[in-house]
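A short worksheet on the structure shown next.
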Number of protein chains: 2
Amino acid sequence: MLNKTRGRPRGNPDTRARIAAAARDLFHAHGYPGTTVRAVAAAAGVDPALISYHFGSKQGLFSQSLNLLCVDPTALDQALRGDQAGLADRLLDSVTGLWDAGVPAENRMAVRDDETMRALRDYLDGELRLRIAEFLGGPDATERATAAVGVLGGLIFTRYLNPIRSIDALSPADVRRVFGPALRAALHARPRRP
Amino acid sequence: MLNKTRGRPRGNPDTRARIAAAARDLFHAHGYPGTTVRAVAAAAGVDPALISYHFGSKQGLFSQSLNLLCVDPTALDQALRGDQAGLADRLLDSVTGLWDAGVPAENRMAVRDDETMRALRDYLDGELRLRIAEFLGGPDATERATAAVGVLGGLIFTRYLNPIRSIDALSPADVRRVFGPALRAALHARPRRP
DNA sequence: GGGTTTTATTCAACACGGTTGAATAATGCG
DNA sequence: CGCATTATTCAACCGTGTTGAATAAAACCC
């Protein structure tokens, strides 16, 4: 940490990876604004300037150390296979399975900063919505997929990003029970023509 | 902001109100982290120290200058009156009416910081959910209200807080069409017992 | 293998952000 | 009037992210 000699160190210690690991832990525990560059540097046993050198900026450090937090393509692949009747349940399970496991309940609110939001947005709009529309097929497929993305986004928002108690407290089975009707309607009910 | 004399000024200019007004505009335009205390002070034509004096801290300034941003009780009162069949539409209209008017589309993402999130959370869980449950009545009322809050939270999240294009682009009428089925199902379909 | 370039690191300093304490002038109360 | 209170500016402090110079090891080249 302190008073290490100047210049390049002996051997090839993968300092970059150490920094990224420390950053992942701290961002995860204290969120983006709550994590200082100096704290990451200290945890990694390194000078603060090194992180600007390796990652360009604090924002770059964040982007590059948290890449696959809310985007797990395999979970979606499994959900988008099978009969249409069970689609809603499979989608709900894939959401709870991914987020409940990945983020301990205490720290869920910590992952709520610009980069994560942007990643989530791109994922919902660019990936999830299109794949659901493709799977549904038929008339109004894109509008029904949009509605479904709205419902799933609501679950993610009210359960993980800004957890409100009555939804945070549900078990995964309860999530299926409570959100099932709405998601099924979003997926399969024809949006009425006015 | 220039060279004003030290000590108390003549008359009784309501500087506190000027500061609050400037703060409201800037927070609204650039969000909490993007708004510096010094910028607010400059916009109000006062010394930065004054805002610590009057509001205690930047956080205090924020709390006291933005109180009713996403909580307009009268809109909810109107929605929770009338027949149950039209409830979903009235709720959706009250959301789009409130947010679409209040926040110009460009700056919607700016209102996304801890205090706003907390206010929104408390509102969804403490106010909206309870009132909807009370209005619905009958068995499973609280669970159906929870589902409805999830759907409405999804709309707010995917349209205003972290707007994804396909939902942000909808007209208020489209919102009714697209979200209507899901919200109606959430409100009125019995959560199945497994 | 020696000389040069490239890379990885520390150090010191900068600019900016929020906050605080002292100084100062007007107001309000007796 | 005299005195406490209040509203204001100023200068300074401390913590933040970032940058440029110095330095030492590694990698490359002929």
Side-chain angles (χ1 to χ4, degrees), chain A residues 1-27 29-66 110 113-116, chain B residues 1-66 110 113-115:
Chain A
M1 6 169 150
L2 294 171
N3 265 346
K4 291 211 309 205
T5 82
R6 208 121 130 175
R8 185 168 184 157
R10 316 233 149 199
N12 266 344
D14 198 351
T15 317
R16 202 190 139 102
R18 280 211 333 277
I19 294 176
R24 203 170 39 245
D25 292 349
L26 290 184
F27 279 137
H30 306 121
Y32 185 83
T35 302
T36 75
V37 166
R38 285 173 159 88
V40 174
V46 154
D47 189 274
L50 248 200
I51 101 159
S52 271
Y53 176 74
H54 277 300
F55 298 90
S57 65
K58 182 187 182 183
Q59 187 60 52
L61 172 65
F62 181 80
S63 306
Q64 294 182 38
S65 61
L66 290 185
D113 38 84
D114 284 6
E115 280 302 312
T116 309
Chain B
M1 92 204 219
L2 304 165
N3 267 350
K4 291 214 306 205
T5 80
R6 207 122 129 174
R8 183 170 188 157
R10 314 232 154 202
N12 266 343
D14 197 352
T15 316
R16 201 188 140 103
R18 280 210 335 276
I19 295 177
R24 202 170 41 244
D25 291 348
L26 290 183
F27 280 137
H28 210 262
H30 306 121
Y32 185 82
T35 302
T36 74
V37 167
R38 284 173 159 88
V40 174
V46 292
D47 190 275
L50 249 201
I51 100 158
S52 270
Y53 175 74
H54 276 300
F55 298 90
S57 67
K58 182 187 183 184
Q59 187 61 52
L61 172 64
F62 181 80
S63 305
Q64 294 183 38
S65 61
L66 289 185
D113 37 84
D114 284 6
E115 279 303 312

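Note that these values count all heavy atoms, side chains included, but never hydrogens, waters or copies made by symmetry. Convention: sequence-line order gives letters A, B, ...; per-chain numbering from 1.
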What's touching nucleotides 13-15 of chain D from the protein side, N or O pairs under 3.5 Å?
none

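The distance from atom OH of A:Tyr53 to atom P of C:dC11 is 17 Å, rounded to the nearest whole Å. In this structure, the CZ atom of A:Arg16 is 14 Å from the P atom of C:dT7, given to the nearest Å. As rounded to whole Å, 15 Å separates atom P of D:dT19 from atom CZ of A:Phe55. In this structure, A:Lys58 places its NZ atom 15 Å from P of D:dT19, rounding to the nearest Å. Rounded to an integer number of Å, the gap from CG of B:Leu50 to P of D:dT8 is 5 Å. For the pair A:Ile51 CD1 and C:dT9 C1', the computed distance is 14 Å after rounding to whole Å. Here C:dA8 presents its C1' atom at 12 Å from CZ of A:Arg18, a figure rounded to the nearest Å.
The backbone N or O of B:Pro48 lies less than 3.5 Å from no partner atom in the side chain of B:Arg38, so there is not a single donor-acceptor pair.
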Exercise for the section: Mark up nucleotides 22-30 of chain C, 5' to 3', with B wherever a protein heavy atom is under 4.0 angstrom from a base atom, S wherever such an atom reaches only the sugar-phosphate, and - elsewhere. Expected result: -BBBBSS--

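Taken from OG1 in B:Thr35 to CZ in B:Phe62, the straight-line distance is 9.0 Å, to the nearest 0.5 Å.
The two residues A:Pro13 and A:Pro9 come nearest to each other via the heavy atoms CG-CG, 4.1 Å. Considering every non-hydrogen atom in both A:Gly45 and A:Arg18, the closest pair reads O-NH2, 3.9 Å.
Of the residues listed (A:Val46, A:Leu61, A:Leu50), the one engaging A:Val40 in a side-chain contact (heavy atoms from CB on, under 4.5 Å) is A:Leu61, and it is the only one.
Phosphate proximity of C:dT7 to A:His54: absent, as no side-chain N or O sits under 4.0 Å from OP1 or OP2.
Pairs engaging residues 44-53 of chain B under the side-chain hydrogen bond (donor to acceptor under 3.5 Å, both in side chains) rule: none recorded [sequence neighbours left out].
Judged as a side chain to side chain contact (heavy atoms under 4.5 Å, CB included), and not counting sequence neighbours, the contacts of A:Asp14 are A:Arg16, A:Ala17. For A:Ala39, the side chain to side chain contact (heavy atoms under 4.5 Å, CB included) criterion is met by A:Leu26, A:Thr36, not counting sequence neighbours.
Between A:Ala39 and B:Thr15, the one whose closest nucleotide on DNA chain D sits nearer the 5' end is B:Thr15. Nearer to the 5' terminus of DNA chain C, by closest-nucleotide assignment, is the contact made by A:Ala49 (compared with the other of B:Asp47 and A:Ala49).
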